[in-house]
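This report concerns only the one structure given below.
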Amino acid sequence: MEKVIAINSGSSSLKFKLFMMPTEEVIASGKIERIGIQDSNIDIKYGLGRRYQATMEIANYKIAVAILMEMLIKLEIIRDYMEIDGVGHRVVAGGEYFKQSVIVDDEVVAKIAKIADLAPLHNPANLIGIKAFREALPYACSVAVFDTSFHQTMPAVNYVYSTPYEWYEKLGIRRYGAHGTSHRYVIKEAANLLNRPLEKLKLISCHLGAGASICAVKNGKSYNTSMGFTPLAGVTMATRSGDIDVSAVAYAMNQLNITSINDILDILNKKSGLLGISGVSSDSRDVSVAAKNGNERAQLAMDIFERTVLDYIGQYIAEMGGVDGIIFTAGIGENSSSVRARIVEKLAYMGIELDVQENNKRGINNIISTPNSNVTVMRVMTDEELMIARDVVNLKKQQ
Ligand code: AMP
């Protein structure tokens with residue numbers, strides 16, 4: 001038995017889940033927020049329904065890690081730092097360097113730093129996390145798990161953009177995708193639900209959360225995905241625009257007198273999507289309620305979101321020459337029976353049939369299509385942290 005901690009570091013937050021492996025039992029989970037900002041919060045869930053919450057000053061990430069470790073001991077979650085055998089870090093962009101998860105050494109740290117431009121908001125924060133934990137837990141095996149690596153199996157026809165080829169060769173501009181850890185987790189669960197080998201399946205995984213991406217998975221490998229060079233592309237998201245004609249962006253810059261690329265990217269990343277269209281909220285629950293109450297823009301926002309998801313499902317069915325299973329996961333995909341129903345009902349023409357009763361169940365992995373349906377539709381609860389912990393255990397074994 002070993003203890004493995006999965007870490008998701010943001011620019012001012014640290015989220016963690018501590019697992020006992022290989023049983024995969026969650027011993028503790030929680031987050032520290034507002035690191036480096038006044039009134040930092042710490043919130044740890046552990047034991048049978050126990051919880052520790054506090055507000056304190058946490059000046060930087062290194063101190064946050066030290067406080068977290070101290071609290072794990074104080075709350076008697078662990079007795080000694082040495083009990084933690086492995087630390088797995090979510091890293092957003094792995095570029096073309098990282099085709100799978102890797103044990104972190106100085107060379108890996110240097111490469112992650114080198115491709116920071118591919119995820120300027122995330123990779124530097126992820127690196128700070130890696131460095132702080134390597135210092136705090138020098139004996140633990142440190143592993144980097146990349147959101148992009150699952151998509152490194154995509155064929156060139158699906159990742160090269162129709163721009164001058166030198167952009168790809170010299171600048172590394174291509175589709176990298178994201179959410180790979182989630183897609184990788186849910187396809188395994190889907191193969192279990194289908195009781196068929198993953199290597200023989202054509203699947204479409206719809207990760208629908210605040211960030212959303214669709215992935216075509218052929219024989220267990222990513223074949224195509226909706227996110228692009230960055231997670232801005234693809235379907236309509238909570239605040240991200242998804243796909244857009246870049247000429248419209250240039251025109252908007254001219255018309256609105258926006259001279260900075262960062263300012264326009266900020267609008268496309270943070271003020272678009274469900275929020276931008278509806279003007280109500282970035283949370284699909286709020287947008288849905290507003291739509292039900294007759295807000296037309298809110299209704300339009302939900303319609304566009306669902307239409308963009310459907311676009312990719314249709315595209316990927318055609319590209320893979322069929323599909324055996326469609327998976328819904330993440331905040332909206334797992335919880336919104338109405339979003340799932342509206343998307344699946346649009347696929348009725350190809351013999352896909354929703355089982356309304358199964359679709360209305362909550363909080364479980366299940367098949368939500370009828371036995372007669374030509375394609376099996378599933379709801380799967382994603383668990384990126386568990387996937388990270390599994391990768392740590394597997395890489396440790398190979399050490
Ligand atoms: P995620 O990024 O995976 O945490 O997903 C966040 C999104 O999931 C939020 O924007 C919510 O709109 C959506 N969500 C969470 N819970 C529910 C729920 N019970 N019903 C519908 N949508 C939900």
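Since the model is a prediction, treat every value here as computed from it, not as a measurement. For ligands, and for the atoms within them, numbers begin at 1 and follow the listed sequence.
- Below 4.0 Å from some heavy atom of Ser284 lie the following atoms of ligand 1, by number and element: 10 (O), 11 (C), 12 (O), 13 (C), 22 (N).
- Within the 4.0 Å cut-off (strictly below), a protein heavy atom is located near atom 5 (O) of ligand 1.
- With respect to atom 11 (C) of ligand 1, the closest heavy atom belonging to the protein is Asp283 OD1, 3.3 Å.
- Under the side-chain contact (heavy atoms from CB on, under 4.5 Å) test applied with Asp383, the options Arg390, Lys17, Glu189 reduce to a single match, Lys17.
- Checked by atom type and distance alone, the side chain of Asp324 never pairs as donor or acceptor with a backbone atom of Leu203 at under 3.5 Å.
- Closest protein heavy atom to atom 13 (C) of ligand 1: Ile332 CG1, 3.5 Å.
- The closest approach between any non-hydrogen atom of Arg362 and ligand 1 is below 4.0 Å.
- Val102 and Tyr176 fall within a single hydrophobic cluster, where Ile, Leu, Val, Met, Phe, Trp and Tyr are joined by side-chain heavy atoms under 4.5 Å apart, directly or via other members.
- Atom 14 (N) of ligand 1 has as its closest protein heavy atom Gly331 O, 3.6 Å.
- Checking each of Asp243, Thr236, Ile313 against Thr308 for a side-chain contact (heavy atoms from CB on, under 4.5 Å) leaves exactly one that passes, namely Thr236.
- Nearest protein heavy-atom neighbour of atom 2 (O) of ligand 1: Ala210 N, 2.9 Å.
- For ligand 1, the polar-atom distance check against Ala330 finds no nitrogen or oxygen pair separated by under 3.5 Å.
- Residue contacts with ligand 1: Arg285 is placed with a nitrogen or oxygen under 3.5 Å of a nitrogen or oxygen of the ligand (distance criterion only).
- In this structure, the protein non-hydrogen atom closest to atom 18 (C) of ligand 1 is Asn335 CB, 3.2 Å.
- Here Tyr97 and Phe146 keep their ring centres 6.0 angstrom or further from each other.
- Considering backbone and side-chain N/O atoms, His207 never comes within less than 3.5 Å of an N/O atom of ligand 1.
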Exercise for the section: Take Asp303 and Arg307 through the salt bridge (charged side-chain N to carboxylate O under 4.0 Å, His left out) test and state the conclusion after the steps. Expected result: CA-CA 6 Å; Asp303 289 348; Arg307 191 266 302 158; over 6 Å; no
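- For the pair Arg379 and Phe328, the cation does not sit on the ring face, since its NZ or CZ is not both under 6.0 Å from the ring centre and inside 45° of the axis.
- Remark: of the listed residues Leu347, Thr376, Ile368, Val344, Leu347 is the sole one forming a side-chain contact (heavy atoms from CB on, under 4.5 Å) with Ile326.
- Below 4.0 Å from some heavy atom of Gly209 lie the following atoms of ligand 1, by number and element: 1 (P), 2 (O), 3 (O), 5 (O).
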